[in-house]
> 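The structure's right below; bear with me while I get my questions together.
Throughout, a chain's letter reflects where its sequence line sits, starting with A, and its residues are numbered from 1.
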Protein chains: 2
Amino acid sequence: MQLYSKHSKHLLAVDCIIFGYDLLEKDIKLLLIRRNFEPAKGKWSLAGGFVKKDESLDEAACRILCDLTGLKNIYMKQLYSYGDLERDPGARVISVAYSALIKIKDIDKDLAISNGAHWQSLNRLPKLIFDHSSMVERALKDLTVQARIKPVGFELLPSKFTLVQLLDLYSAIYRKQIDKRNFRKKILSMDILEKLDEKEKETSKKGAYYYRFIKSRYNKFIKNGFYFNLDVG
Amino acid sequence: MQLYSKHSKHLLAVDCIIFGYDLLEKDIKLLLIRRNFEPAKGKWSLAGGFVKKDESLDEAACRILCDLTGLKNIYMKQLYSYGDLERDPGARVISVAYSALIKIKDIDKDLAISNGAHWQSLNRLPKLIFDHSSMVERALKDLTVQARIKPVGFELLPSKFTLVQLLDLYSAIYRKQIDKRNFRKKILSMDILEKLDEKEKETSKKGAYYYRFIKSRYNKFIKNGFYFNLDVG
DNA sequence: TCATTAAATGTAAAAAATACACTATTTATT
DNA sequence: AATAAATAGTGTATTTTTTACATTTAATGA
């Protein structure tokens with residue numbers, strides 16, 4: 001290809017901020033990697049990799065997630081591209097950050113461990129290499145914004161969940177207490193959850209009813225001008 | 001540099017969505033270019049260029065804006081990176097889109113014209129090359145979101161403006177009519193505008209008072225937990 | 001049957017958003 | 001000098017949304 005041939009070419013990477021939610025600890029976690037190559041070998045980093053000649057950015061992000069966790073068909077959201085000259089001491093690399101929301105139980109644990117991956121609580125993250133901490137910060141900000149205006153929370157929960165679990169998740173995302181009654185009122189009034197007959201009985205004697213997010217109904221409402229909004233507290 | 005040497009390198013470009021606001025036509029405009037090189041020579045495109053070896057993405061965006069308009073120190077917001085394999089028929093190019101909000105009168109008109117640049121009304125945009133129309137679409141969506149929650153509108157207006165002009169701008173951004181009284185009430189209650197003694201008298205006999213946006217006061221309020229919000233109608 | 005534990009529920013008050021029509025100021029015209 | 005014309009500027013009542021808050025219910029195990 002002759003066109004554009006006088007212009008510089010660049011190394012291009014993708015880094016993935018992979019969020020999970022721990023139901024028991026009521027804690028948002030990130031899937032981090034102990035890096036096994038230079039530079040910064042042995043340090044904590046996001047899951048990442050170089051973009052290949054014949055794959056799009058989105059494809060690269062999905063490949064990296066899948067290689068690490070075995071997960072396919074997960075929506076990966078592009079967040080931002082990091083292009084500072086000195087961001088990677090190994091060479092000039094431009095990195096495109098993607099985020100994913102997954103259910104911790106869905107990953108192939110052995111595969112993840114063999115790749116040096118570990119879940120780390122957001123509240124006590126280790127120092128990360130390069131500019132990966134800024135990437136995390138941006139991803140977190142985006143998550144809090146998105147959680148307000150789109151039903152992304154459900155991607156972090158099992159398909160059956162209780163309203164208490166949903167509230168705890170939102171408390172973890174917003175990092176503040178939320179009024180139980182107002183929260184239930186609000187989420188139920190949207191009419192996008194289905195109450196199941198089954199109860200979750202591990203955490204209480206009374207037990208809490210399970211609910212399911214009905215995506216098809218949500219999509220129908222959206223078409224009719226409905227806006228998801230979970231401003232609380 | 002030996003590290004990473006086995007990985008592919010990519011052409012990397014920046015494309016700029018440059019917004020302006022025409023006070024008289026009450027119309028948002030984009031600064032578009034008649035492209036003067038192959039492929040797609042002679043077609044309409046965004047202002048763009050390749051990222052150089054020794055410049056960051058932000059620097060590349062600023063350089064491209066400055067080369068075209070003479071403008072320096074304009075905030076350019078990175079929006080999204082486009083990496084589909086076939087997006088540019090000339091070669092595989094990854095492009096990072098940036099947007100800028102500028103005052104039409106501030107640009108170096110001769111420089112812009114000599115570069116093939118023209119202001120085009122958003123309401124009748126020509127067909128753009130490659131995926132540039134998607135870039136514009138994303139930028140517009142971002143503008144409408146940002147205009148609600150941040151005082152970005154003022155970047156499109158002269159430093160002195162009337163409340164009628166401000167309202168017209170927001171009507172153009174939101175693409176809907178806005179109640180005059182409620183709008184004035186809301187923006188004035190934020191206490192971030194200063195009323196000047198001077199009146200604008202071109203458009204009416206009575207004349208409308210000029211106002212100024214007081215950025216320093218806005219910044220102070222923000223520190224105290226104030227949120228700009230211009231939901232209207 | 002009583003104590004324990006967490007789930008589930010409703011209402012009143014406050015705040016925010018909305019709808020809406022007339023008066024004020026200046027200039028140009030007769 | 002009076003009047004017409006044109007846009008700027010203003011206030012209130014109603015509706016909707018948000019917030020604050022305490023008791024009852026269901027199940028289990030002692």
> For D:dA22, does the base pair up with any side-chain atom of A:Arg181 as donor and acceptor (N or O, under 3.5 Å, distance only)?
yes

> Once you build an axis from the first five pairs and another from the last five of the helix from C:dT1-D:dA30 to C:dT30-D:dA1, how far apart in angle are they, to 10 degrees?
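One end's axis against the other's: 10°.
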
> If the condition is salt bridge (charged side-chain N to carboxylate O under 4.0 Å, His left out), which residues does A:Arg181 pass it with, not counting sequence neighbours?
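Salt bridge (charged side-chain N to carboxylate O under 4.0 Å, His left out) check on A:Arg181 returns nothing, list empty.
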
> Going by the side chain to side chain donor-acceptor pair (under 3.5 Å) test, which pairs reach into residues 148-164 of chain A, not counting sequence neighbours?
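Every side chain to side chain donor-acceptor pair (under 3.5 Å) pair that includes a residue of residues 148-164 of chain A, provided the two are not neighbours, is A:Arg148-A:Asp231, A:Lys160-A:Glu198.
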
> Residues two or more places apart in sequence or in another chain: which of them pass salt bridge (charged side-chain N to carboxylate O under 4.0 Å, His left out) with A:Arg138?
none

> Scan for side chain to side chain donor-acceptor pair (under 3.5 Å) pairs involving residues 206-218 of chain B, sequence neighbours excluded, and state none if there are none.
B:Asp191-B:Arg217, B:Glu194-B:Arg212

> Using 30° and 60° as the class boundaries, would you call the ring planes of B:Phe154 and B:Phe228 parallel, tilted or perpendicular?
perpendicular

> Hey, can you pull the residues of residues 146-153 of chain B with a non-hydrogen atom under 4.0 angstrom from DNA chain D?
none

> What integer distance in Å separates A:Asp231:CG from C:dA17:C1'?
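Answer to the nearest Å: 15 Å.
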
> In whole Å, I'd like the distance from the CG atom of B:Leu167 to the P atom of D:dT10.
14 Å

> Can any side-chain N or O of A:Arg34 pair as donor or acceptor with the backbone N or O of A:Gly42 at less than 3.5 Å?
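A pair under 3.5 Å: yes.
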
> Holding to salt bridge (charged side-chain N to carboxylate O under 4.0 Å, His left out), I want the full list of residues that pass it with B:Asp22, two or more places apart in sequence or in another chain.
B:Lys29

> A:Lys26 NZ to C:dA6 C1': how many Å, rounded?
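It is 10 Å, rounded to the nearest whole Å.
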
> Within this structure, what is the CD-to-P distance between B:Gln177 and C:dC20, rounded to whole angstrom?
12 Å

> Is there a donor-acceptor contact under 3.5 Å from the side chain of B:Tyr98 to the main chain of B:Asp58?
yes

> Over all strands shown, is A:Thr203 touching base, sugar-phosphate only, or nothing at heavy-atom distances under 4.0 angstrom?
sugar-phosphate

> Could you check which residues of residues 183-192 of chain A get a heavy atom under 4.0 Å from DNA chain D? Sort them by number, please.
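Per residue number, the list reads A:Lys185, A:Lys186.
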
> Looking at B:Ser56, is its backbone amide N or carbonyl O close enough to the side chain of B:Glu59 to form a donor-acceptor pair, meaning the two atoms are under 3.5 Å apart?
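Answer holds: yes.
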
> Sequence neighbours excluded, which residues qualify as salt bridge (charged side-chain N to carboxylate O under 4.0 Å, His left out) partners of A:Asp142?
A:Lys77

> If I take atom CD in residue B:Glu202 and atom P in nucleotide D:dA8, what distance separates them, rounded to the nearest angstrom?
13 Å

> Apply side-chain contact (heavy atoms from CB on, under 4.5 Å) to B:Ala112 and list each qualifying residue two or more places apart in sequence or on a separate chain.
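Scan of B:Ala112 (side-chain contact (heavy atoms from CB on, under 4.5 Å), adjacent residues dropped) gives B:Ile107, B:Ala117.
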
> Can you tell me how far C1' of D:dA8 sits from OH of B:Tyr211, to the nearest Å?
10 Å

> Keeping to residues at least two apart or across chains, list the side chain to side chain donor-acceptor pair (under 3.5 Å) pairs with something in residues 105-116 of chain B.
none

> Taking the side chain as every heavy atom from C-beta outward, state whether B:Gln78 and A:Ser81 have any atom pair closer than 4.5 Å.
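Answer yes - side chains close enough.
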
> Tell me if the aromatic rings of B:Trp44 and B:His118 count as close, with their centers under 6.0 Å from one another.
yes

> In the 5'-to-3' direction, what one-character label does each nucleotide of nucleotides 23-30 of chain D receive under the scheme B = base within less than 4.0 Å of a protein heavy atom, S = sugar-phosphate only, - = no such atom?
--BBBB--

> Using whole Å, report how far CG of B:Leu166 lies from P of D:dT7.
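Value for this atom pair: 19 Å.
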
> Starting from P on D:dT18, measure out to CG on B:Asn229 and report it in whole angstrom.
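To the nearest whole Å, that distance equals 12 Å.
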
> Under the 3.5 Å rule, do the base of C:dA19 and the side chain of B:Asn182 count as making a donor-acceptor pair?
yes

